[in-house]
Amino acid sequence: MNTQAINILAHAVAQAQPKAASGDIVVKLTDVRRSFGETPAIDSVSLSVMRGEILGIIGRSGAGKSTLIRCLNGLERPDSGSVQVEGVEITALDERRLQPVRRRIGMVFQHFNLLSAKTVEDNIALPLKIEGQSRAQRRKRVAELLELVGLSDKAKNYPAQLSGGQKQRVGIARALAAKPSLLLSDEATSALDPETTRAILALLKDINRQLGLTILLITHEMEVIRRVADRVIVLDRGRIVEEGPVWQVFANPAADTTKSMLQVLIPELPPVLRERLDPATGDDAVVRVRLSGDAARRPFFAGLAEATGIGVRLLHGGIDTVQDEPVGTLFLGLPARDRAALEKAVQYLNANADHVEVLGYVSGDA
Amino acid sequence: MSQAMLDLLWRSFWETIIMTGFSGLISLVAGLPLALILILTDRGGLAENLWINRSLGAVINGFRSVPFIILLVALIPVTRFIVGTSLGTWASIVPLSIAATPYYARIAEVSLREVDRGLIEAARSMGATRWTIVREVLVPEALPSLVAGFTVTLVTLVGASAMAGAIGAGGLGDLAIRYGYQRFQTEIMLAVVAILIVLVSGVQWIGDRLVERLDHRIVKR
């Protein structure tokens with residue numbers, strides 16, 4: 001990432017959109033419904049995208065994510081409800097009057113959707129051509145964008161000659177070309193391998209930080225949300241079932257959908273221990289502790305030992321960092337012979353963690 | 001083979017080239033817009049209008065159903081109105097074009113339909129107008145396939161032009177029928193067939209090379 005290029009762009013974006021007050025709403029959906037035949041794809045969805053944030057919408061396939069994101073730029077028309085983009089109600093606009101609105105919204109696609117007959121630079125220049133910019137203006141802007149996404153040497157290549165990650169970089173450059181106020185990302189990393197996914201997500205995060213660009217992304221992977229989003233909305237069968245700051249939702253998921261989607265990221269008790277669990281008695285109690293925020297920052301083990309005289313063993317799990325906040329699940333082994341001391345320890349844990357559960361007991365070497 | 005025969009072959013060759021070339025060009029210029037109208041007005045198209053779509057489709061099907069030899073005769077008044085005569089090489093270009101245009105329109109329609117809808121969606125998301133989508137996305141993306149389809153049309157026209165002999169248009173096919181078949185001059189027949197094979201192969205070869213050059217969907221070594 002070239003900082004100079006980013007500075008140039010940041011400057012350009014700052015000029016294009018006067019610094020708005022924080023809390024400014026870019027897109028506002030109110031009670032939006034859209035159904036295909038009998039089945040509702042999105043059912044009474046209301047949400048706001050705030051300027052400068054990265055909002056992640058997660059759901060399984062068929063949850064209505066794609067329909068929802070397409071309602072934002074009028075590619076899909078809701079059956080009812082209101083969609084306001086920068087204060088303009090777009091549900092009433094015809095195709096022709098939607099065009100200027102769409103030019104303010106960039107979009108990145110899962111399958112890149114690059115034109116095979118155009119070179120990388122011509123692909124990136126297309127939104128500028130649509131805007132009616134001169135050839136000289138286009139060339140200058142395309143050079144900046146190529147620099148930003150690190151593909152300056154690929155300008156004359158055709159998309160077929162690029163790797164998946166490079167194609168998506170071109171897709172991002174193209175989406176940013178017309179200096180949009182909102183970037184929509186439709187499963188942008190779902191067709192990429194994990195390493196490339198991380199690189200593309202880092203690029204999106206950089207763009208968001210450096211240019212202050214608002215990003216709305218939809219995905220079915222919690223990992224994507226964890227890496228880039230500030231706020232998350234969980235969609236299930238067309239309805240919003242949970243929303244909030246990412247680290248809070250990760251620390252204490254409420255909806256069943258969220259919990260099951262988080263399973264891949266939250267540590268589970270290893271099978272070798274689970275098989276040996278005895279519900280009633282044993283040498284050691286196995287306790288699951290969920291921690292986040294300030295609780296996870298305190299000297300937890302030392303505090304426990306000091307308060308109860310019990311030495312604790314970490315069996316499994318750890319602390320992760322989500323949105324710069326510590327969030328984690330720990331499996332602890334506590335000596336269980338002295339039930340009174342154990343009771344005290346569990347009380348201490350309850351007072352200092354988000355969630356504590358005694359899963360059972362094991363004997364022998366745990 | 002006598003000098004007179006060689007002259008006749010040479011003249012017939014040019015008549016075939018003129019008939020195929022001009023009617024091919026006209027079918028391209030007229031057929032591509034028709035194909036675009038079919039695509040744009042179809043259900044879910046960028047300018048959905050089923051009434052126009054079905055009507056145009058019916059007219060195209062109608063022209064494509066009529067055997068060429070009948071079309072050739074039926075169109076004589078039209079030909080006379082446009083060219084001034086209903087006989088000869090130039091006159092045959094009218095029925096040939098009218099037969100080839102709907103043919104190419106259908107072939108081009110298939111090519112345009114195969115353009116990835118995601119690309120059209122991407123262009124719409126950029127705020128492109130319909131005309132921009134046609135110019136920057138639909139036609140350029142379908143171009144290799146449009147060229148391949150045009151090659152097929154040209155080769156078909158070479159065959160159809162043989163029938164144009166019925167209205168005195170000349171050409172290689174006519175030469176083969178009159179001299180090779182009706183007068184039992186086998187060497188003329190063989191010469192004509194050989195020339196036609198070379199001509200068709202040549203057209204196909206040029207078409208294939210052009211497609212190869214235009215197609216950027218696969219990585220070339």
Side-chain angles (χ1 to χ4, degrees), chain A residues 66 69-70 72-76 90 93 95-120 122-132 156-163 170-171 174-178 180 182-187 191, chain B residues 32 35-36 39-50 52 108 111-150 209-221:
Chain A
S66 288
I69 202 171
R70 277 164 180 73
L72 266 65
N73 58 3
L75 288 176
E76 195 72 64
I90 67 160
L93 299 180
E95 193 73 10
R96 190 180 298 273
R97 284 188 294 171
L98 268 174
Q99 284 158 9
V101 177
R102 288 183 182 146
R103 287 171 199 170
R104 306 276 303 133
I105 302 174
M107 193 163 179
V108 186
F109 303 87
Q110 178 176 2
H111 298 294
F112 325 123
N113 292 354
L114 301 177
L115 300 176
S116 72
K118 290 188 191 298
T119 58
V120 165
D122 288 344
N123 263 288
I124 298 175
L126 187 56
L128 306 173
K129 210 169 176 182
I130 288 168
E131 260 191 353
K156 306 282 183 199
N157 284 62
Y158 285 93
Q161 299 166 308
L162 304 180
S163 69
V170 176
R174 181 177 70 175
L176 295 176
L182 171 67
L183 182 70
L184 302 178
S185 161
D186 180 8
E187 299 271 12
Chain B
L32 186 56
L36 281 168
I39 288 290
L40 295 176
T41 58
D42 200 6
R43 195 181 295 282
L46 288 172
E48 184 176 311
N49 186 327
L50 292 182
I52 292 182
S111 303
L112 293 168
R113 205 178 285 288
E114 271 162 17
V115 172
D116 185 354
R117 292 191 71 86
L119 301 182
I120 295 165
E121 188 182 49
R124 285 179 69 209
S125 81
M126 292 173 211
T129 61
R130 284 193 288 235
W131 173 235
T132 305
I133 294 175
V134 168
R135 213 184 46 213
E136 300 284 345
V137 181
L138 269 178
V139 175
E141 287 297 314
L143 198 56
S145 175
L146 288 171
V147 170
F150 183 60
R209 294 294 83 73
L210 206 53
V211 170
E212 212 168 75
R213 178 172 280 204
L214 291 170
D215 197 347
H216 298 292
R217 283 172 296 192
I218 41 163
V219 186
K220 273 160 234 170
R221 287 161 206 290

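Note on naming: letters A, B, ... go to the chains in the order of the sequence lines (proteins, then strands), and numbering restarts at 1 for each one.
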Which of B:Pro144, B:Ala128, B:Pro140 touches chain A most, by non-hydrogen pairs under 4.5 Å: B:Ala128
Toward chain A, the part of B:Thr132 with a non-hydrogen atom under 4.5 Å: side chain
Distance in Å, B:Asp116 CG paired with A:Leu114 CG, rounded so as to fall on 0.5 Å steps: 11.0 Å
Any donor-acceptor N/O pair, B:Arg217 side chain to A:Ser116 backbone, under 3.5 Å: no
Nearest atoms (heavy-atom pairs only) where B:Met126 meets A:Arg103: O-CG, 3.2 Å
Contact leader toward chain A among B:Thr129, B:Leu46, B:Val115, where contacts are heavy-atom pairs under 4.5 Å: B:Thr129
Which atoms of A:Leu184 approach chain B - backbone, side chain, both or neither, heavy atom under 4.5 Å: neither
Nearest heavy atoms of B:Ser125 and A:Phe109, plus distance in Å: OG-CZ, 3.7 Å
Distance-minimising heavy-atom pair for B:Val137 and A:Leu115: CG1-CD2, 3.9 Å
Selection from A:His111, A:Glu131, A:Lys118 maximising heavy-atom pairs under 4.5 Å formed with chain B: A:Lys118
Salt bridge present between A:Glu95 and B:Arg130 (N-O < 4.0 angstrom): no
Neighbour count above 12 (heavy atom, 6.0 Å) for B:Arg209 CZ: yes
Contacts of type side-chain hydrogen bond (donor to acceptor under 3.5 Å, both in side chains), residue A:Ser66, not counting sequence neighbours: none
Residue pair A:Asn113 / B:Gly118: nearest heavy atoms and the distance that separates them: ND2-O, 2.9 Å
